[in-house]
S.K.: 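One structure coming up, written as structure tokens, with questions to follow.
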There are 2 protein chains.
Amino acid sequence: MAASTLTEVARLAGVSPATASRVLNGSARKPGPDIADRVRQAADSLGYIPNAQAQGLAKSSSGLIGLIVHDIADPYFAAIARGVQEAAREQRRMVLLATTGGAPAEEKEAVAAFAARRADSIVIAGSRSAQPENQEGNAELAAELDRYCRNGGRVAVVGHAVVGATAPEGYHVVAVPNEELAAALARQLASGWDGDFVIIGGPEGLFTSDDRIRGFQEGLASAGRKPAKVLRTSFNRAGGYEAGLTLAHRVKAGQAESADEPAASKLCIFAVNDVMAIGAAAALREQGLRIPRDATIAGFDDIETLRDFRPALSTVRLPLEEIGRLATRATAPGAAGTDRDGEESAGSAEEGHDAGRQQRISGEVTLRRSTETAT
Amino acid sequence: MAASTLTEVARLAGVSPATASRVLNGSARKPGPDIADRVRQAADSLGYIPNAQAQGLAKSSSGLIGLIVHDIADPYFAAIARGVQEAAREQRRMVLLATTGGAPAEEKEAVAAFAARRADSIVIAGSRSAQPENQEGNAELAAELDRYCRNGGRVAVVGHAVVGATAPEGYHVVAVPNEELAAALARQLASGWDGDFVIIGGPEGLFTSDDRIRGFQEGLASAGRKPAKVLRTSFNRAGGYEAGLTLAHRVKAGQAESADEPAASKLCIFAVNDVMAIGAAAALREQGLRIPRDATIAGFDDIETLRDFRPALSTVRLPLEEIGRLATRATAPGAAGTDRDGEESAGSAEEGHDAGRQQRISGEVTLRRSTETAT
DNA sequence: CTGAATCGGGAAAGCGCATTCCCACTACCT
DNA sequence: AGGTAGTGGGAATGCGCTTTCCCGATTCAG
């Protein structure tokens, strides 16, 4: 990767490198127009492209923003990534991508790598977890993040704060009201259905999953319903599918038992994310069960690609792209700092409540065909 | 973004920066074990993280690989991105992401930005196009790429070669046999259906779309069938939806005309990608038409997220992730260069034929429910 | 036991750029 | 006219690291 340098351009234009620098890359001092022209001409006759590494080194700031996701092919993360990318472009910065599969140890690696590249800020998407096997990893991640922030880096994490991070200067959280929204979903579902509920959740300790489960149960309780049983499985389609099989058997057994009263064995299933819901639905269908006839099902996230799924999936719409944008903007140089953060822009943003560094977004319960209890 | 420097570490360890460098970042020369220990201890007591910018500047290579996609939230690109990311990790490099919406002008910007960051290589995914309004943009993109390669950069483009690129050293193409596969799909569809075919294509000039259309027509011809009508629309879900509406009206008009012979008005629709097919299917469904009863439909790509769509979509499976991996590996430092490129690894890879810099991948026609012509 | 070869470490020169400091010069004010 | 402020340019320094070159200390062969 050799290329022509500023010095070469300067020589060709017959000026000093300092002058060339001033004209080519914005500086407070504007050289005379004639000289500027000469330099510019020299520059593009040489096909000069400034070396961002050198620039970064000289002014210690890289124009890079690091994005950490579990899996970029997961539509949830892809949507967030789009928002991040968009905001990054606004700020004329580039995004560095890291995928970690959700393991804190890997996330720590990624943060270190970003720090090494002197990324100006880091956006971490993807559920935090408190699983015991991740404890050490979480601690290390937190330490790494703290160090990064102490060195002037800015961090935004989507969802929950990183466990153990001491929320230093420059640390932001874009909080997703999983609990409230899940509760709202539960209440709405409860108003149209008075049978049993079942929850398909992710592994215990995964905050996003746990919050949604807790919220759903609370919503159920506030509607005067008994708590739903919870099936723990993995936080992806395969997990949903597996749980779906289990539930299918349960439903079918129920149907066989009380053939006279088929509705009695019907279930309303809440899967803690759309992808799991789709997996579960596939399993049910394979077992000959129809949705919403034999069971109703709802998800969470409102993944765009899944909107054409039939029956249309009831879910909670999350402004994923907006979340990405918000998180990114929160880490922008001029963005809301330590103190007061007045109007955080964006219609769906609400005032934070935690030390002013937190930002909440909102979602919307979206009932569709998959939970219609036909009459 | 300040942080402790090598010099500080060196001072703390009581050695010269040169020595510290040698122990901390691999070098041919291995300092003595006692010294190495001292340095390492100093390093992590200081929380030293090497400055990749400075390293890059010094050895002029950045460990960065640039990825250009139309839209990271599009599952097609997301899948490729996952492959790229995976391969990048193998090579211990990081990926820089740029999304361009497919505009050559933007792509040129992205290449320039990557060049500025001194990315070691660039992977361009996303259809090339020959539309007249893009002509200038294409030329500039080609020029930019040429320059990048001349400066030692390595490029891999997925699908078609960039129009006008002079295929310099370091320029690779991962060719997708769109034409052959579309032809195969057409032949298979033709063997089970003897009515009319319609193609929903992208805008004229988009290579991927044009190739698939051409291939499909060829396949039809080789099966002794007359060419399909082609509807041009945009290369995304919205386009598919729009075309779907048009077709729905056509089908319904046909049904009304020959009520006695409903099958006569039935259509087999080939949408040039899955997302468009889904859009079209949604439109048909909204118009009260059922698939595959009133019309059959096939797509292309076999997007993973769409596999749960009902009726299951017939399509052509493309190893998207593998494509990403292959493209990335092709640009790896040690990878197949100008000359012979023996065993390109990967089961689905076949021997290139074009000057040894081309690499072909293979796909597979996958017929599912959406094109079942029930009896 | 001596000369050459080797090893292990440090000094120093960049990598490409931004930026501070400095200097020559012009314009302006009194 | 003398002085000052202001202006436009260049020289030089440093960002943090790698790498060549160099030098003293060992080691080995003869």
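The sequence lines fix the lettering, A, B, ..., with proteins before strands; numbering per chain opens at 1.
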S.K.: Does the side chain of N25(B) get closer than 4.0 angstrom to OP1 or OP2 of dC17(D) through an N or O atom?
M.R.: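 No, no such contact exists.
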
S.K.: Is there a residue in residues 13-23 of chain B whose heavy atoms reach under 4.0 Å of DNA chain D, and which residues are they?
M.R.: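 Here the set is A18(B), S21(B), R22(B).
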
S.K.: Once you round it to whole Å, what is the distance between P of dG16(D) and CG of L46(B)?
M.R.: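 The answer, rounded to whole Å, is 13 Å.
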
S.K.: Taking only heavy atoms on the protein side, list every residue of residues 50-57 of chain A lying under 4.0 Å from any atom of DNA chain C, sorted numerically.
M.R.: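 Hits under 4.0 Å, by residue number: P50(A), N51(A), A54(A), Q55(A).
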
S.K.: Does anything in residues 20-73 of chain B form a ring-ring contact (aromatic ring centres under 6.0 Å, His included)? List the pairs, not counting sequence neighbours.
M.R.: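 Those involving residues 20-73 of chain B are H70(B)-F77(B).
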
S.K.: Round to a whole Å and report the spacing from CZ of R11(A) to P of dG10(D).
M.R.: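 To the nearest whole Å, that distance equals 14 Å.
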
S.K.: Tell me the interatomic distance from K59(B), atom NZ, to dT20(D), atom C1', rounded to whole angstroms.
M.R.: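 My rounded result for the distance is 16 Å.
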
S.K.: For L24(A) and dT19(C), give me the distance from atom CG to atom P, rounded to whole Å.
M.R.: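 Those two atoms, CG and P, are 14 Å apart.
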
S.K.: Would you please name every residue forming a side-chain contact (heavy atoms from CB on, under 4.5 Å) with A142(B), sequence neighbours left out?
M.R.: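 Listed in chain order: V162(B), A165(B).
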
S.K.: Given the rule in the salt bridge (charged side-chain N to carboxylate O under 4.0 Å, His left out) test, do E109(B) and R89(A) qualify, once you have shown the distances and angles that lead to the verdict?
M.R.: CA-CA 12 Å; E109(B) 292 295 325; R89(A) 162 178 301 239; over 6 Å; no

S.K.: Using modelled atom types only, decide if a donor and an acceptor are shared between the side chain of N151(A) and the backbone of G153(A) within a distance under 3.5 Å.
M.R.: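 Such a contact is absent between N151(A) side chain and G153(A) backbone.
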
S.K.: Under 3.5 Å, side chain of T328(A) to main-chain N/O of G324(A), donor-acceptor pair present?
M.R.: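 Here the side-chain-to-backbone pair exists.
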
S.K.: With sequence neighbours excluded, tell me which residues meet side-chain contact (heavy atoms from CB on, under 4.5 Å) with Q85(A).
M.R.: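 Once residues adjacent in sequence are excluded, the partners of Q85(A) under the side-chain contact (heavy atoms from CB on, under 4.5 Å) criterion are V95(A), L97(B), T99(B).
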
S.K.: How long is the line joining CG of L6(B) and P of dG14(C), in whole Å?
M.R.: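 Distance check: L6(B) CG to dG14(C) P gives 20 Å.
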
S.K.: Show every ring-ring contact (aromatic ring centres under 6.0 Å, His included) that has at least one partner inside residues 17-47 of chain B, sequence neighbours left out.
M.R.: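 The answer is none; no pair qualifies.
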
S.K.: Please answer whether the main-chain N or O of R118(B) pairs with a side-chain N or O of S62(B) as donor and acceptor at a distance below 3.5 Å.
M.R.: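 Here the side-chain-to-backbone pair exists.
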
